Amino acid sequence: MGWDAFGLPAEQYAIQTGTHPSITTKNNCDTFRRQIKELGLSYDWDREINTTDPNYYKWTQSIFIKLYNTWFDDQLQKGRPVSELKIPEDILKSGKAGVRKYIDSKRLAYYDDAQVWWCSNCRIVCANEEVLTDGSHEKCGNIVEKKNLKQWLLRIPLYAERLLKGIDDLDWPEGIKDMQRNWIGRSSGAEVDFNLYGLEEKLTVFTTRPDTLFGATYMVIAPEHNLLDKITTPEASRSVMDYIKSASLKSDLDRTDLSKEKTGVFTGRYAINPVNLKKIPVWIADYVLTGYGTGAIMAVPAHDTRDFEFAEKFNLPIVCIQDPDVTDADQKKRIIAGKECWTEDGKYINSSDKQTGIDINGLNKETGISEITSWLESKGIGKAKINYKIRDWLFSRQRYWGEPFPVIHWDDGEITLVDEKELPLQLPELEKYLPGETGESPLSNATDWLSVKDSSGRTGRRETNTMPQWAGSCWYYLRFIDPKNDNQIFSPEKEKYWMPVDLYIGGAEHAVLHLLYSRFWHKVLFDLGIVSTDEPYKRLFNQGMILAFAYETETGAKVASDLVEERDGKFYHKETRDELRQIVAKMSKTLKNVVNPDDVTSKYGADSLRLYEMFMGPLDVTKPWDDKGVKGVFGFLSRAFRFISNPENILPGSEEDREILKGLHQTIKKIQSDIENLRFNTAISAMMIFLNLIIKKGKITLTTAETFVKVLSPFAPHLSEELWLILGNCSTIAYEPWPSVNEEYLKEDVFEYPVSFNGKMRFKIELPVNMDKNEIISIILSDERTKRWLGDKEPSNIIVVPNRIVNIVIK
RNA sequence: GCCCGGAUGGUGGAAUGGUAGACACGCAGGACUUAAAAUCCUGUGACCAUUGCGGUUGUGCGGGUUCAAGUCCCGCUCCGGGUACCA
């Protein structure tokens, strides 16, 4: 068991109550541990770990140091120690500071400005989810703003290609693999330099469609583009400034929202389209994001929907350069006239220029892209480029309750890391968990802890940011291998024995972030020779979330469950007496619709709770909790106990009824394959079916009873142990071997064929399993019922699928 | 908006392209009981027919492929997850 116990909720609770988060964290873990033990879940408690334990986060800090001291060798596609980094001659000549800057630019972890949401009222950095759609802070209603703060970032995009390729061989749900691929977002295209009128600087854009350069009629840069100040002309300055201010209030999500109106302003500057030397305006608009590509685009409204919308709104020229592959003549006309956007393939038109000497008219997309790209490369104004959507990972938080960075900022500007031998760098005790005056982390209040002095008297400050909760959960599976090792993160021999993780069961909400971050760290550790596998999780399975009933009024207002009463199957508000709607929603404290396992356990026992969780439905589906369902499995367990524990039902001797034997072995077989496929709901229903059978039959042999209890025991261990003793055994059932299936009992002599006419089942007929097709046909054709359904018609075809179905086709 | 899931009786769900609704809850009727609870038995998608055999229809909506579609393909609707500082 591992407790991932750092993070925002514990910290917020601390701010509200003044209780130190380590105390609440400990209490919560104690409760969960007790509940888990009561349920009889077989965790290895000798391997219990907690990410907030200094003996654990010591190693989290150690991994951070390793990331900092690693660079990515593009040639080898591999992370390597910075000590192996070759410094170019000219950098060496530039002196110590230059060398340091060069190395820092290669490290997987680096320190730089990054934008965050800032609430000046609470003096706190807000999570995106804390910022409401109107741009206000959900806690205080103050309008938040974007602010640059010094942050730690990790260069995960360097591993994009490795992370992408690795996905192919994983035994994971395809949907999750797709989500990771899309998140990494590899796209190949080209970078193109545009000259700007009156400026020396060039404006570089990334485009997946360099072939459409002839259709580029304007350019757009992001409001945060670093050339913005230079590009903006004095006349346009005022409107550009106003625009930037309004854009800074929107989240990236709002900015890319296609349903919203496009916005933007002209910068006053023009650029030159390199393929035809035409003068095109440079605009600023927030639908271009600074974090993707170069933060600037060439706009081809005729062949890109976002550019098209923008051009229509601001009356910018739309030049069609592709004769579309469509049959609809009207649509073709509209597209060529620039009245409709076309993003698919077609033959180029209007795509040649005498001055530049380029001509791709008549070609198709694929050849067009390669032609233009090689032309750009030959002229030195562009190059083929692979771009990734995945961005550097912002790896620091202005919070108290997280791992401190083992980093010292010296007053002379140098940054050094704490020596590994000095780890863990422990969190200092604080009285207040609120952030400092300037937006610094709460740790800036820890004055004693904060200041450091080295042997030569140089003074410095410790890093006050802390790591995000991802840090601890990124590698916890590795610490399970050797949780008590004080000298090493784990022993390499043990790592080789255990890795990779055979089966990882986790929620689909971790589809991208946690699972991608974790894979990234693992690959770095692999490159450094610390782990022996390239991928951490061989097989992944997503369990579904358990929802619960909740209530809302006619108008949709949510009502906490303790204010609801049930009468005659309808639900009413206790105070207003209004009738309420029962809905299904995520369990939450506000709706008071959480289920406390203690209540269920005290009423129905731990086995009922276990069984119900498994019986509710497939493991991977979200489903609502319903107390009545617990009653159902409780009934099953009670019937099983009553039947098996009653000596009158257990026959002496070993001669068992054929039908019971068949049922028993069907049940074992079903449960066995269901467990392997994590389909516990159908395994339980198989047991119910068997129990119904033996109750009907009345008596079973001791062997049958024991076998049944054995297959029940992984699902309901407590009850099974007791039945095992009642049946006369003295040892525990937990170590009994799984019963084997005897196929002999499962053989069938006959099969009941469903006979259908044009796919509709009409009657059934029992026939020997090994009867050949022609014989089956002749028996069925001579059957009275067949004649009735055929009437005076002749069958045009008869399909016989052995031991499955017969279908008679009538025209 | 974008990416990924999902939708089957009153409810949770079952169904290698081959008998839709297994199993369970709920409900109805019955047995036991002075009564209730518990337990046991029977029935239970909808509609029609009912004296019985039965018939029609039905897996979110609209198309398609197939001898046969809950399942495969195309186009939608609604719900859920993620969207980089919840983890």
Side-chain angles (χ1 to χ4, degrees), chain A residues 4 6-9 12 114 116-117 125-131 151 156 173-183 185 251-260 287 291 306 389-399 468-470 472-473 506-514 516-517 542 544-545 547 569 582 584-586 612 615-618 620-633 635-636 638-639 642 679 681-682 684-689 692 695 752-764 795-799 801 804-810:
Chain A
D4 186 15
F6 273 131
L8 208 48
Q12 273 166 348
V116 291
W117 286 114
V125 174
C126 309
N128 277 346
E129 66 159 18
E130 293 179 281
V131 179
Q151 306 272 325
I156 187 171
E174 283 306 315
I176 303 287
K177 289 165 81 168
D178 278 345
M179 280 162 82
Q180 292 221 343
R181 288 190 188 104
N182 295 335
W183 188 265
S251 71
D252 283 0
L253 201 64
D254 293 332
R255 286 172 51 167
T256 50
D257 193 338
L258 289 185
S259 68
K260 298 219 169 89
Y287 78 95
R306 286 161 306 179
K389 236 184 253 158
I390 190 169
R391 319 195 285 255
D392 283 347
W393 170 13
L394 205 157
F395 190 68
S396 47
R397 302 290 182 267
Q398 295 65 51
R399 306 284 181 186
Q469 193 168 1
W470 308 114
S473 63
E509 68 269 24
H510 293 300
V512 218
L513 296 179
H514 163 64
L516 200 60
Y517 291 157
N542 295 126
M545 203 170 18
L547 308 174
Q582 191 181 50
V584 164
K586 207 155 138 175
Y612 176 58
F615 186 63
M616 287 168 86
D620 57 342
V621 173
T622 56
K623 46 215 171 246
W625 181 272
D626 185 0
D627 285 329
K628 288 173 187 148
V630 186
K631 232 176 111 184
V633 291
F636 161 71
S638 310
R639 276 200 308 281
R642 270 200 305 275
R679 292 156 50 125
N681 55 329
T682 48
I684 291 165
S685 95
M687 286 188 270
M688 289 173 168
I689 291 168
N692 290 344
I695 287 176
E752 192 176 41
Y753 276 92
V755 180
S756 53
F757 292 77
N758 288 341
K760 277 184 186 165
M761 207 281 287
R762 295 306 182 184
F763 64 88
K764 290 177 190 172
S796 64
N797 194 7
I798 300 174
I799 284 142
V801 183
R804 193 149 292 272
I805 201 168
V806 175
N807 189 19
I808 298 170
V809 186
I810 316 166

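This one's a predicted model, so the numbers in the text were calculated from it and none came from an experiment.
Computed from coordinates, the A:Q12 CD to B:C85 C1' distance equals 11 Å when rounded to whole Å. Atom CZ of A:R306 is separated from atom P of B:C2 by 11 Å (rounded to the nearest Å). Distance, A:E509 CD to B:C86 P: 14 Å, rounded to whole Å. Atom pair A:N758:CG and B:A68:P shows a separation of 8 Å (rounding to whole Å applied). Spacing between atom CD1 of A:I176 and atom P of B:G80 amounts to 18 Å, rounded to whole angstrom units. Distance, A:R391 CZ to B:C85 C1': 12 Å, rounded to whole Å. Put simply, CD on A:Q151 is 15 Å from P on B:A84, counting in whole angstrom units. Here B:C3 presents its C1' atom at 12 Å from CG of A:L513, a figure rounded to the nearest Å.
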Heteroatom pairs (N/O) under 3.5 angstrom, protein to nucleotides 36-42 of chain B:
residue : atom : partner : partner atom : Å
B:U39   : O3'  : A:R642  : NH2          : 3.4

Protein-nucleotides 64-66 of chain B N/O pairs closer than 3.5 Å?
none

Please write out each protein N/O paired with an N/O of nucleotides 54-58 of chain B under 3.5 Å, distance rounded to 0.1 Å.
residue : atom : partner : partner atom : Å
B:U56   : OP2  : A:R762  : NH1          : 3.0
B:U57   : OP2  : A:K760  : NZ           : 3.3

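As judged by a 4.0 angstrom heavy-atom cut-off over every strand, A:I390 is placed among the base-contacting residues. The residue A:L8 sits close only to the backbone: its heavy atoms come under 4.0 Å of sugar-phosphate atoms, none of a base. Backbone-only engagement by A:M688 is indicated by non-hydrogen atom pairs under 4.0 Å involving sugar-phosphate atoms exclusively. Using a 4.0 Å heavy-atom distance criterion, A:I808 is classed as making no nucleic acid contact. Using a 4.0 Å heavy-atom criterion, one finds that A:K389 contacts the bases of the nucleic acid, with or without backbone contacts as well. In this structure, A:V116 reaches the bases: a heavy-atom distance under 4.0 Å links it to at least one base atom across the strands shown. At the heavy-atom level, A:D620 lies nowhere under 4.0 Å from the strands shown.
Both key distances under 3.5 Å define a Watson-Crick or G-U pair, and stretches of 3 or more such consecutive pairs in RNA chain B run B:1-7 with B:77-83, B:10-12 with B:23-25, B:26-31 with B:39-44, B:45-48 with B:54-57, B:60-64 with B:72-76.
The separation of B:G55 from B:C61, taken at their C1' atoms, amounts to 27 Å, rounded to a whole angstrom. Taking the P atom of each, B:G80 and B:G12 are spaced 15 Å apart, rounded to whole Å. B:G6 and B:U71 have their C1' atoms separated by 15 Å, given to the nearest Å. The separation of B:G10 from B:C74, taken at their C1' atoms, amounts to 34 Å, rounded to a whole angstrom. For B:U8 and B:U59, the C1' atoms lie 4 Å apart once the distance is rounded to whole Å. Of the P atoms belonging to B:U57 and B:G63, the separation is 16 Å, rounded to the nearest Å. B:U51 sits 31 Å from B:C40 when the C1' atoms are compared, rounded to a whole Å. Comparing the same atom, C1', in B:U16 and in B:G64 gives a spacing of 24 Å after rounding to whole Å.
Here the OG atom belonging to A:S756 is positioned 4.0 Å from the CD1 atom belonging to A:I805, to the nearest 0.5 angstrom. Atom CZ of residue A:F615 and atom CE of residue A:M688 lie 4.0 Å apart, to the nearest 0.5 angstrom. The structure places CD of A:E174 at 6.0 Å from CZ of A:R181, a figure rounded to the nearest 0.5 Å.
Not counting sequence neighbours, A:R762 has no partner by the salt bridge (charged side-chain N to carboxylate O under 4.0 Å, His left out) test. Residues satisfying the side-chain contact (heavy atoms from CB on, under 4.5 Å) test with A:E509, not counting sequence neighbours, are none. Legend: residues meeting salt bridge (charged side-chain N to carboxylate O under 4.0 Å, His left out) with A:R397, ordered by chain and number and at least two apart, are absent. In terms of the salt bridge (charged side-chain N to carboxylate O under 4.0 Å, His left out) criterion, A:K389 has no residue partners (sequence neighbours excluded). For the salt bridge (charged side-chain N to carboxylate O under 4.0 Å, His left out) test, no residue two or more places apart in sequence or in another chain qualifies with A:D620. A search for side-chain contact (heavy atoms from CB on, under 4.5 Å) contacts involving A:N681 returns A:P618, A:R679, not counting sequence neighbours. When the side-chain hydrogen bond (donor to acceptor under 3.5 Å, both in side chains) test is applied to A:T682, the partners found at least two apart in sequence or on another chain are A:D674.
Of the possible polar contacts, one joining the A:Y612 side chain to the A:D626 backbone as a donor-acceptor pair under 3.5 Å is found. A donor-acceptor pair under 3.5 Å is absent between the side-chain atoms of A:S396 and the main chain of A:Q151, judged by distance alone. Proximity of a side-chain donor or acceptor of A:Q180 to a complementary backbone N or O of A:A511 within less than 3.5 Å is detected. In this structure, A:K623 contributes its side chain and A:V621 its backbone to a donor-acceptor pair below 3.5 Å.
Judged by distance alone, with hydrogens and angles left aside, A:Q398 brings a side-chain donor or acceptor within reach of the base of B:C85, the pair sitting under 3.5 Å. Judged by distance alone, with hydrogens and angles left aside, A:Q180 brings no side-chain donor or acceptor close enough to the base of B:C4 to form a pair under 3.5 Å.
Side-chain contact between A:I798 and A:N807: absent, with no pair of heavy atoms (C-beta onward) separated by less than 4.5 Å. Between A:N542 and A:H510, every side-chain heavy-atom pair lies at or beyond the 4.5 Å cut-off.
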Reading nucleotides 12-19 of chain B 5' to 3', which nucleotides get B (base under 4.0 Å from a protein heavy atom), which S (sugar-phosphate only), which -?
-> BSSSB-BB
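Taking for each of A:P468 and A:D392 the nucleotide of RNA chain B with the nearest heavy atom, the 5'-most of the two is the partner of A:D392. Of the two residues near RNA chain B, A:R399 and A:N182, the one whose nearest nucleotide lies more 5' is A:N182.
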Evaluate the side chain to side chain contact (heavy atoms under 4.5 Å, CB included) criterion for residues A:K764 and A:V755: first the C-alpha distance (whole Å), next the side-chain angles of each, then the deciding distance (0.1 Å), finally the verdict.
-> CA-CA 6 Å; A:K764 290 177 190 172; A:V755 180; over 6 Å; no
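Comparing B:C67, B:A84, B:G81 by their closest approach to the side chain of A:W183 singles out B:A84.
Ring geometry for A:W470 versus A:H514: interplanar angle under 30°, hence parallel rather than tilted (30 to 60°). Ring geometry for A:Y517 versus A:W393: interplanar angle under 30°, hence parallel rather than tilted (30 to 60°).
Within 90° of 0 lies the glycosidic angle of B:G9, which makes this nucleotide syn.
Residue A:N542 places none of its side-chain N or O atoms closer than 4.0 Å to OP1 or OP2 of B:G81. At the phosphate of B:C85, OP1 or OP2 sits under 4.0 Å from a side-chain N or O atom of A:R397.
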